[in-house]
Trainee: 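This is the structure I have questions about; it appears just below.
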Amino acid sequence: MSDSLSSSPTAPALVCHDCALRLVPPAAPRGHWFCPRCGARLGSRHRLRTQAVLALAATALVLWLPAVSLPLVYVDQFGVGGSVSILSSVAALFQERHGLVAAVVFVTLVLMPPAQMLALLMAMARLRAGGRPGRWLWWYRQGREWAMPEIFLLGALIATTELGGNASLRLGTGLFCLIGLVVTRWIAEGLADPAALDRLLEQRRREAGDDGRH
């Protein structure tokens, strides 16, 4: 079930994180919400579990370094063996003078996933402590657009399948860490969707306003 939200110039309940349109949440207790102007998925009606998101973000950060540095797969072809990792792939692209592609791979696979999870971790820690996430929440939302480890994982699995007929392959620890990173990040993003974050922040603002009047 999905709903398009109705716009309102006065209601402060929800603001689209892509186009800043002010919206009124639907009355339906279930379903996904979409912005009527830009079509962005704004989330669904569920509680934000900050402790679970904290644990998932921390797990993703722990998995990040071995995922990018350890070998994804070991290849043995015609008696010549070698291994492939994300960092070695970036280095190989630079050496082959594909600088633009190497930069995109570095940003989307090496830089943005830990930056996004770190921003989410800090935002959730501040919310759990009763404070406001500040700019950490903005960085987390930017990371949702730029971090793409799942695309590389899909490509790695396809390449492994294609190479399997011509070479002897052995899966490396890095591949399992990358799978864990993709899964934990996907669950964390599902729990910390923009609609749930906006509802919690709006509740905090109302509580702060009530305290100020008293």
Side-chain angles (χ1 to χ4, degrees), residues 13-18 25 29-34 40-72 85-87 105-157 171-208:
L14 185 61
V15 178
C16 176
H17 57 85
D18 281 352
R30 297 181 181 179
H32 300 299
W33 300 348
F34 297 88
R41 182 184 182 276
L42 301 180
S44 57
R45 192 180 288 276
H46 71 265
R47 282 187 65 190
L48 178 64
R49 298 175 175 84
T50 55
Q51 187 172 359
V53 177
L54 275 170
L56 288 165
T59 302
L61 282 172
V62 170
L63 291 171
W64 165 75
L65 184 58
V68 299
S69 59
L70 294 179
L72 301 174
S85 69
I86 293 178
L87 289 179
V105 172
F106 181 80
V107 170
T108 57
L109 296 178
V110 179
L111 183 61
M112 289 308 298
Q116 181 202 13
M117 289 297 103
L118 177 61
L120 180 59
L121 186 68
M122 296 300 297
M124 292 299 104
R126 288 194 175 188
L127 286 173
R128 187 166 176 77
R132 295 184 179 182
R135 295 294 288 179
W136 292 111
L137 189 55
W138 184 87
W139 282 109
Y140 161 66
R141 285 173 170 166
Q142 294 303 308
R144 287 171 64 98
E145 306 296 330
W146 286 97
M148 302 178 184
E150 62 278 357
I151 295 178
F152 184 87
L153 175 61
L154 180 61
L157 293 176
L171 302 182
T173 305
L175 182 61
F176 297 103
C177 292
L178 181 60
I179 293 173
L181 171 62
V182 169
V183 171
T184 52
R185 177 177 171 269
W186 178 70
I187 298 175
E189 285 188 346
L191 293 177
D193 65 63
L197 290 168
D198 288 337
R199 286 197 303 273
L200 181 57
L201 292 174
E202 180 61 28
Q203 180 183 353
R204 294 282 174 86
R205 283 192 289 267
R206 287 198 302 267
E207 292 173 353

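Along the sequence shown, residues carry numbers from 1. Note: hydrogens, waters and symmetry copies are ignored here, and every other heavy atom, side chains too, is used.
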Trainee: Of all the heavy-atom pairs spanning Thr184 and Ala60, show the shortest one and how long it is.
Mentor: OG1-CB, 3.6 Å
Trainee: Please check: side-chain N/O of Trp139 versus main-chain N/O of Leu120, any donor-acceptor pairing under 3.5 Å?
Mentor: no
Trainee: Rounded at 0.5 Å granularity, tell me how far CG in Leu127 sits from CE in Met122.
Mentor: 11.5 Å
Trainee: If I compare all heavy atoms of Val107 with all of Pro113, which pair ends up nearest, and what's the gap?
Mentor: O-CD, 4.2 Å
Trainee: How long is the span from the CG atom in Leu56 to the CG atom in Leu61, to the nearest 0.5 Å?
Mentor: 11.0 Å
Trainee: For Trp138, does the CH2 atom have more than 12 heavy-atom neighbours from other residues, nucleotides or ligands under 6.0 Å away?
Mentor: yes
Trainee: Nearest 0.5 Å, what's the OG1-CD1 distance between Thr108 and Ile151?
Mentor: 7.5 Å
Trainee: Would you give the length of the straight line joining atom CH2 of Trp146 to atom CE of Met112, rounded to the nearest 0.5 angstrom?
Mentor: 8.5 Å
Trainee: Please test Leu121 against Trp136 for side-chain contact (heavy atoms from CB on, under 4.5 Å), starting from the C-alpha separation and ending with a verdict.
Mentor: CA-CA 9 Å; Leu121 186 68; Trp136 292 111; over 6 Å; no
Trainee: Between Tyr140 and Ala119, which heavy-atom pair has the shortest distance, and what is it?
Mentor: N-CB, 3.7 Å
Trainee: How many angstroms lie between atom CD1 of Ile179 and atom CG of Leu63, to the nearest 0.5 angstrom?
Mentor: 11.0 Å
Trainee: How about Leu178 and Pro149: do any of their side-chain heavy atoms sit closer than 4.5 Å?
Mentor: yes
Trainee: Is it true that the side chains of Gln116 and Arg185 contain a donor and an acceptor less than 3.5 Å apart?
Mentor: yes
Trainee: Would you compute the distance between atom CZ of Phe176 and atom CG of Leu171 and round it to the nearest 0.5 angstrom?
Mentor: 5.0 Å
Trainee: What's the shortest heavy-atom distance between Cys177 and Pro66, and which atoms?
Mentor: SG-CB, 3.8 Å
Trainee: Could you tell me which non-hydrogen atom of Ala67 sits nearest to which non-hydrogen atom of Leu181, and how far apart they are?
Mentor: CB-CD2, 4.3 Å
Trainee: Considering all heavy atoms of both residues, which atom of Val68 and which atom of Leu109 are nearest to each other, and what is their separation?
Mentor: CG1-O, 4.0 Å
